[in-house]
Protein chains: 2
Amino acid sequence: MLMSPEDSVADAAVGLFGDPLRARIVRLLATEQMCTCHLIEQTGARQTTISHHLRLLRRAGLVETEPRGRYTYYRLRPEAIADLADGLRDLAAQAAEARDRYRPC
Amino acid sequence: MLMSPEDSVADAAVGLFGDPLRARIVRLLATEQMCTCHLIEQTGARQTTISHHLRLLRRAGLVETEPRGRYTYYRLRPEAIADLADGLRDLAAQAAEARDRYRPC
DNA sequence: TGGTGACATCGAAACATGCTGATGTCACCC
DNA sequence: GGGTGACATCAGCATGTTTCGATGTCACCA
């Protein structure tokens, strides 16, 4: 099995969905792009907290920013999410094939 | 922060991919089913550590067990992983649609 | 039936992560 | 130019997670 470095990057990116607030942010951004203040009022979280999660999502490449005047708009990068989905689909296919294969002890 | 139950379950499950050792275990199980001892020798991790991660994966429904004599075989549940992949694919589609929609401040 | 080997469970310690208040930067408007 | 509001960064803490050694259970075999 191939374990290229990108795989671990992908895993870390998928892992980001694990936090409830981050998952909430992703879902909100999936409906329309928003600036930080919208995310704050939608989630009720503090500004610094939102900003922190957005940084993680940005670093993982799941989200991109567009500064617009004094506001900063955030939107999801559908390609990145589609990549993760593809990775998981491949994994599922591989797992389905491996179901009946087993290694004796 | 309210989230529908299904959402949090799926997110938590995807989140499990975040840990490197767990991701490694999942990848190994994607090639063939294995008992704990195989996973131990492949990863170099301790038996208790492996056992702990397998429990998390099992609780999330990503993995199922089959006790066979004194060994316990583990295998992935391809349907579960395919479900996650589908969820991500839908999210990507939704995000693609939302790209040009934005909420003025 | 007693020994051994596979696996699960249980704290405790090490470690990572999320949240917060304080503070910095920068665009905008008076 | 000074005030304000949007957002980023930082350092500390609180909390959760990973890992570990010790221990328990259970199947197998001599």
Side-chain angles (χ1 to χ4, degrees), chain A residues 8-9 11-29 32-75 102-105, chain B residues 1-3 8-9 11-29 32-60 62-75 102-105:
Chain A
S8 50
V9 170
D11 286 331
V14 199
L16 288 182
F17 287 85
D19 181 74
L21 178 52
R22 225 149 39 209
R24 183 93 195 282
I25 291 175
V26 168
R27 267 172 225 292
L28 284 168
L29 290 178
E32 57 185 347
Q33 44 180 297
M34 296 182 171
C35 66
T36 314
C37 56
H38 292 139
L39 292 169
I40 293 170
E41 65 179 44
Q42 293 288 319
T43 61
R46 302 297 173 100
Q47 179 261 322
T48 52
T49 303
I50 295 290
S51 194
H52 168 246
H53 287 297
L54 285 173
R55 170 156 61 160
L56 296 181
L57 291 170
R58 204 184 329 137
R59 278 211 286 232
L62 291 176
V63 141
E64 63 189 4
T65 79
E66 182 189 335
R68 211 177 289 168
R70 82 169 95 183
Y71 302 100
T72 308
Y73 273 82
Y74 279 86
R75 60 169 161 263
Y102 82 102
R103 178 188 302 211
C105 260
Chain B
M1 149 188 358
L2 264 153
M3 300 182 29
S8 50
V9 168
D11 287 329
V14 200
L16 289 182
F17 287 84
D19 181 76
L21 177 53
R22 224 149 41 208
R24 184 95 195 281
I25 291 174
V26 167
R27 267 172 224 294
L28 285 167
L29 291 178
E32 57 185 348
Q33 45 180 297
M34 297 182 170
C35 66
T36 312
C37 56
H38 293 138
L39 292 170
I40 292 170
E41 67 181 43
Q42 292 288 320
T43 62
R46 302 297 172 100
Q47 179 261 322
T48 52
T49 303
I50 296 287
S51 194
H52 168 244
H53 286 297
L54 285 172
R55 169 157 60 158
L56 295 182
L57 291 169
R58 203 183 333 133
R59 278 211 287 231
L62 291 175
V63 141
E64 63 190 3
T65 80
E66 182 189 334
R68 211 177 291 168
R70 84 168 95 181
Y71 303 101
T72 307
Y73 274 82
Y74 279 86
R75 60 170 162 264
Y102 82 101
R103 178 189 302 212
C105 263

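Given the structure is predicted, the values throughout are model-derived calculations rather than measurements. What's counted below: heavy atoms across the whole structure, side chains too, no hydrogens, waters or symmetry copies. Throughout, protein chains are lettered first and strands after them, A, B, ... in sequence-line order, and every chain is numbered starting at 1.
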| query | Taking the nucleotide of DNA chain D with the closest heavy atom to each, which residue, B/H53 or B/C105, is nearer the 5' end? | reply | B/C105

Regarding [X], tell me which of base, sugar-phosphate or nothing describes its non-hydrogen contacts under 4.0 Å with the strands shown.
{"X": "A/T36", "value": "sugar-phosphate"}
{"X": "B/R68", "value": "nothing"}
{"X": "A/S51", "value": "base"}
{"X": "B/L16", "value": "nothing"}
{"X": "B/L21", "value": "sugar-phosphate"}
{"X": "A/I40", "value": "nothing"}

[X]: side chain to side chain donor-acceptor pair (under 3.5 Å) partners, not counting sequence neighbours:
{"X": "B/Y73", "answer": "none"}
{"X": "A/R59", "answer": "none"}
{"X": "B/Y102", "answer": "none"}
{"X": "A/Q42", "answer": "none"}

How close or far is atom [atom2] of [N] from atom [atom1] of [X], stated in whole angstroms?
{"X": "B/L57", "N": "D/dT17", "atom1": "CG", "atom2": "P", "result": "14 Å"}
{"X": "A/R24", "N": "C/dC19", "atom1": "CZ", "atom2": "C1'", "result": "17 Å"}
{"X": "A/R59", "N": "D/dA8", "atom1": "CZ", "atom2": "C1'", "result": "12 Å"}
{"X": "A/L39", "N": "D/dC7", "atom1": "CG", "atom2": "P", "result": "9 Å"}
{"X": "B/L56", "N": "C/dA8", "atom1": "CG", "atom2": "P", "result": "12 Å"}
{"X": "A/Y71", "N": "D/dA6", "atom1": "OH", "atom2": "P", "result": "6 Å"}
{"X": "A/D19", "N": "C/dT17", "atom1": "CG", "atom2": "C1'", "result": "9 Å"}
{"X": "A/I50", "N": "D/dT9", "atom1": "CD1", "atom2": "P", "result": "15 Å"}

| message | It should be established whether B/Y74 places a side-chain nitrogen or oxygen under 4.0 Å from OP1 or OP2 of nucleotide C/dA8. | response | yes

| query | OP1 or OP2 of D/dT17 less than 4.0 angstrom from a side-chain nitrogen or oxygen of B/R22, does that happen here? | reply | no

| field | Pairing residues for A/R103 by the salt bridge (charged side-chain N to carboxylate O under 4.0 Å, His left out) criterion, not counting sequence neighbours | value | B/E32

| B/R75: partners by salt bridge (charged side-chain N to carboxylate O under 4.0 Å, His left out), with sequence neighbours left out | B/E64, B/E66

| remark: Among the nucleotides D/dC7, C/dC7, C/dA8, whichever has the atom closest to the side chain of B/C35 is C/dC7

Could you pull out all donor-acceptor pairs under 3.5 Å where a side-chain atom in residues 44-56 of chain A meets a protein atom, sequence neighbours excluded?
none

| field | Where protein sits on nucleotides 20-27 of chain D, one letter per nucleotide: B base, S sugar-phosphate only, - none, heavy atoms under 4.0 Å | value | BBB----S

| task | Kindly calculate the angle separating the two end axes of the helix from C/dT1-D/dA30 to C/dC30-D/dG1, each obtained from five base pairs, and round it to 10 degrees. | result | 20°

| When B/D11 is tested against each of A/R24, A/R27, A/R22 for salt bridge (Lys or Arg N to Asp or Glu O under 4.0 Å), which residue passes? | A/R27

| said: Within the structure provided, determine whether B/T43 and B/L28 are in side-chain contact (heavy-atom separation under 4.5 Å). | reply: yes

| Within-4.5 Å side-chain heavy-atom neighbours: B/L62 and B/V26 | no

